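See structure below.
Computed over heavy atoms, backbone and side chain alike; hydrogens, waters and symmetry mates excluded. Since this is a predicted model, take the numbers as computed values, not measurements.
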Amino acid sequence: MLSTTTLQRNHLYQFRGQQLRYSHRSNCRVNAPFIFNDSKGRRKELSQNQVQREVFELVEFCDN
């Protein structure tokens, strides 16, 4: 289970088979969604429950 406090901006996460980059947490309301972007730049808003249950952090490898 992923804690929502451990999300880091621009890190890669997986949600239902999709790879998403964490952008930020919306500040517009009390139960604000978590904002992610996919590889095509489409925005996806996930609730805190979805993040805790279905989002997994992926480890990225960098070429030096």
Side-chain angles (χ1 to χ4, degrees):
M1 186 160 108
L2 183 69
S3 170
T4 55
T5 58
T6 61
L7 292 175
Q8 293 183 352
R9 187 179 175 126
N10 291 326
H11 278 233
L12 193 61
Y13 296 90
Q14 182 171 332
F15 172 72
R16 296 184 182 171
Q18 283 187 304
Q19 292 183 0
L20 304 171
R21 287 211 181 270
Y22 178 64
S23 182
H24 64 283
R25 182 168 181 177
S26 177
N27 294 323
C28 60
R29 57 187 184 270
V30 175
N31 290 327
F34 293 83
I35 310 299
F36 291 84
N37 295 313
D38 66 9
S39 61
K40 295 180 181 176
R42 289 181 287 197
R43 178 179 163 134
K44 188 176 253 340
E45 297 182 4
L46 303 177
S47 70
Q48 183 171 355
N49 285 339
Q50 287 176 309
V51 169
Q52 289 176 334
R53 294 181 184 163
E54 300 183 62
V55 172
F56 302 95
E57 186 170 9
L58 298 177
V59 177
E60 292 185 78
F61 295 101
C62 298
D63 292 329
N64 291 331

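Considering CD of Glu45 and CZ of Arg25, their distance stands at 12.0 Å, rounded to 0.5 Å.
Taking 4.5 Å as the limit, every side-chain heavy atom of Phe15 sits out of range of all side-chain heavy atoms of Asp38.
In terms of heavy-atom proximity, Tyr22 sits nearest to Leu7 at CE1-CD1, 3.7 Å. Minimum interatomic distance between Tyr13 and Glu57 (heavy atoms only, all atoms of both residues): CD2-CA, 3.4 Å.
Among pairs with a residue in residues 10-22, those fulfilling salt bridge (Lys or Arg N to Asp or Glu O under 4.0 Å) read Arg16-Glu54, Arg21-Glu60, at least two apart in sequence or across chains.
Partners of Arg9 by salt bridge (charged side-chain N to carboxylate O under 4.0 Å, His left out), not counting sequence neighbours: none found.
By the criterion of side-chain heavy atoms lying less than 4.5 angstrom apart, applied directly or through intervening Ile, Leu, Val, Met, Phe, Trp or Tyr residues, Leu12 is not grouped with Leu20; the two fall into different hydrophobic clusters.
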